[in-house]
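Notes for the one structure printed next.
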2 protein chains.
Amino acid sequence: MVRPKRTKQHPNLQEAIKETAWEWIAQHGAPALSLRAIARELKITAPAIYNYFPNRDALVTALIIDAYTSFGDSQIAARDAVPADNLTGRLMAIGLAYRNWALTHPQRYQLIFGTPIPGYEAPLMEVLPSAARSLSALVSVLDALRVVSKLNAEEFPAVKKEFKTSFEMWKTYGGNYDILSLSVAVLIWARVHGIVSLEIAGNLPPFGTDGNGLYTYEMAAIEKQFIKE
Amino acid sequence: MVRPKRTKQHPNLQEAIKETAWEWIAQHGAPALSLRAIARELKITAPAIYNYFPNRDALVTALIIDAYTSFGDSQIAARDAVPADNLTGRLMAIGLAYRNWALTHPQRYQLIFGTPIPGYEAPLMEVLPSAARSLSALVSVLDALRVVSKLNAEEFPAVKKEFKTSFEMWKTYGGNYDILSLSVAVLIWARVHGIVSLEIAGNLPPFGTDGNGLYTYEMAAIEKQFIKE
DNA sequence: AAAAATAAATAAACGCCGTATATTTACAGC
DNA sequence: GCTGTAAATATACGGCGTTTATTTATTTTT
């Protein structure tokens with residue numbers, strides 16, 4: 001067979017490849033993703049994909065960036081749905097949105113925070129902008145609490161000097177907040193991530209409280225620990 | 001080439017396969033594990049492995065069980081190194097041992113708690129005994145605290161009925177403790193897991209406090225939240 | 001001791017995969 | 001209308017898990 005006319009093809013193949021990849025991931029799981037499978041779906045030969053992505057990992061990176069953007073949109077929307085003077089409400093809204101997004105898009109969640117692709121490691125520099133933005137919603141609320149002296153983190157461990165340059169880099173994409181707010185955000189992120197990742201992987205429900213109850217309890221504990229009054 | 005004499009072979013190939021697998025994982029990472037690579041290392045043909053493991057996933061399961069056993073040994077040893085009347089000390093020792101084991105054996109940690117093998121999902125029934133035992137150290141300390149009315153978890157969400165049968169199954173391998181103790185243990189597990197998994201994946205240091213400081217802070221917070229007085 | 005049965009290895013092959021190379025062809029600009 | 005480029009195909013390579021058939025070492029039975 002020869003190359004078909006462009007008018008018979010997908011108008012923008014780059015986007016079609018990503019869409020097909022997401023469909024495949026949703027249906028067969030991230031580990032089953034393969035360029036050849038995408039090509040089959042699109043009735044294209046596999047090497048044709050290399051005109052749009054230099055290799056499989058580059059495609060995965062593009063998918064991750066898209067997922068981060070979707071996740072960040074959800075985080076920011078949740079924050080902005082609560083009035084800016086209700087900081088506790090904003091913190092809770094962000095926390096709820098976190099789990100909701102993860103349960104709605106478990107494959108995307110695992111693509112970002114897990115390591116479902118064999119041998120793939122996300123290139124930090126490419127992913128950083130969308131990743132930093134997704135965390136910035138939480139950081140912004142914590143920083144606002146800090147500004148009004150309501151952030152209870154006086155005894156929080158200091159950031160080592162060698163990490164301060166990378167913090168400056170984070171600021172470029174995440175916003176100009178205090179490094180303490182970012183540090184606390186990372187810890188809170190680790191806590192919600194701990195529960196949600198176990199829940200999504202199916203390791204939570206069999207032998208403990210259900211995910212919803214546990215998550216609510218954990219969010220209350222976070223509020224009590226980090227917000228004064 | 002024909003089949004070589006057994007005297008020239010490894011005496012117990014089953015164990016040799018697992019050892020070679022661990023060496024390969026340590027050197028090339030879990031995602032790069034392959035039966036053919038193991039066979040090459042052992043100067044064996046790949047199908048020969050099928051005499052000892054029905055397929056690749058079965059080998060991975062065996063590796064996971066070994067890792068859980070090593071992890072559980074470390075947890076139990078840490079607990080028993082502190083006198084039984086010093087429950088807070090035991091809790092802290094278990095927490096420290098958790099991170100130490102994870103940092104000492106990052107590949108084993110990711111093999112257990114991550115999803116580094118494409119398409120592999122651990123069969124619960126096979127892994128449960130060693131997994132339940134590894135968590136039992138923490139559960140036993142929490143239950144001892146509960147017995148002396150020092151466990152601060154009165155408001156902990158209850159376990160839904162549909163999970164109680166699987167709790168009974170857990171008891172078979174993890175020991176006869178109250179379900180509240182197990183529930184709290186799962187939450188604490190999620191919290192330390194959240195930090196350690198981020199640290200091992202390299203997502204923690206660049207933009208926040210170092211793992212050691214953060215972990216110490218988190219352990220103190222856990223103690224304060226769950227232990228009375 | 002010889003023969004039969006069993007177990008454990010090899011050899012070969014199938015259908016996947018990512019990817020590199022060379023080739024063809026549709027399309028755009030002159 | 002010709003030419004250069006970009007985008008597709010065709011082909012191929014090596015690696016993977018796994019299956020099948022076959023060979024052979026070892027064990028068991030007679």
Side-chain angles (χ1 to χ4, degrees), chain A residues 1-18 20-21 24-25 27-64 111 115-123, chain B residues 1-18 20-21 24-25 27-64 111 115-123:
Chain A
M1 206 212 298
V2 301
R3 181 187 172 195
K5 303 211 178 194
R6 164 161 302 182
T7 52
K8 304 243 173 184
Q9 298 293 110
H10 292 84
N12 47 355
L13 208 43
Q14 170 128 12
E15 208 58 35
I17 289 168
K18 288 203 288 184
T20 307
W24 191 266
I25 286 174
Q27 200 154 3
H28 305 88
L33 185 67
S34 84
L35 297 185
R36 295 183 112 112
I38 296 170
R40 267 192 308 265
E41 291 287 309
L42 287 171
K43 305 193 174 174
I44 287 292
T45 59
I49 297 178
Y50 284 75
N51 286 309
Y52 302 95
F53 300 96
N55 49 44
R56 187 201 55 161
D57 284 6
L59 169 60
V60 174
T61 299
L63 295 175
I64 285 179
L111 198 61
T115 54
I117 304 287
Y120 172 82
E121 250 188 280
Chain B
M1 206 211 299
V2 299
R3 180 186 173 197
K5 303 210 177 196
R6 164 164 299 185
T7 53
K8 305 243 173 184
Q9 296 293 111
H10 292 84
N12 47 355
L13 208 43
Q14 172 129 12
E15 207 59 34
I17 289 168
K18 287 203 288 184
T20 307
W24 190 267
I25 286 174
Q27 201 155 3
H28 306 89
L33 186 67
S34 84
L35 297 185
R36 294 183 114 112
I38 295 170
R40 265 192 310 265
E41 291 286 310
L42 287 171
K43 304 194 172 173
I44 287 290
T45 60
I49 297 178
Y50 284 74
N51 287 309
Y52 302 95
F53 299 96
N55 50 43
R56 187 200 55 161
D57 285 5
L59 170 60
V60 174
T61 299
L63 295 175
I64 286 179
L111 198 60
T115 55
I117 304 287
Y120 172 82
E121 250 188 280

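Computed from a predicted model, the values in this text were never measured in an experiment. Sequence lines set the chain letters: A, B, ... in the order given, protein chains first and strands last, and positions in each chain run from 1.
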Starting at CD of Gln14(A) and ending at P of dA6(D), how long is that distance when rounded to a whole Å? 16 Å

Against the side chain of Pro47(A), the closest entry in dG17(D), dT9(D), dG18(C) is dT9(D)

Nearest of dT11(D), dT18(D), dC16(D) to any side-chain atom of Ala37(B)? dC16(D)

If only side-chain N and O atoms of Tyr52(A) are considered, is one of them under 4.0 Å from the OP1 or OP2 phosphate oxygen of dA8(D)? yes

If we only count heavy atoms from C-beta on, is the Leu35(A) to Ile17(A) side-chain gap below 4.5 Å? no

5' priority, DNA chain C, between Arg40(A) and Pro54(A) [closest heavy atom]: Arg40(A)

Hey, which sits more toward the 5' end of DNA chain D by its nearest nucleotide, Arg36(A) or Ala46(A)? Ala46(A)

Side-chain N or O of Tyr50(B) closer than 4.0 Å to phosphate OP1/OP2 of dT18(D): yes

Could you check how far CG of Leu59(A) sits from P of dC17(C), rounded to whole Å? 14 Å

With a 4.5 Å heavy-atom cut-off, do Ile25(A) and Leu63(A) have their side chains touching? yes

Counting side-chain heavy atoms from C-beta on, which of dG18(C), dA9(C), dA8(D) comes nearest to Asn51(B)? dA9(C)

Between Thr45(B) and dA9(C), is there a side-chain N or O to OP1/OP2 distance below 4.0 Å? no

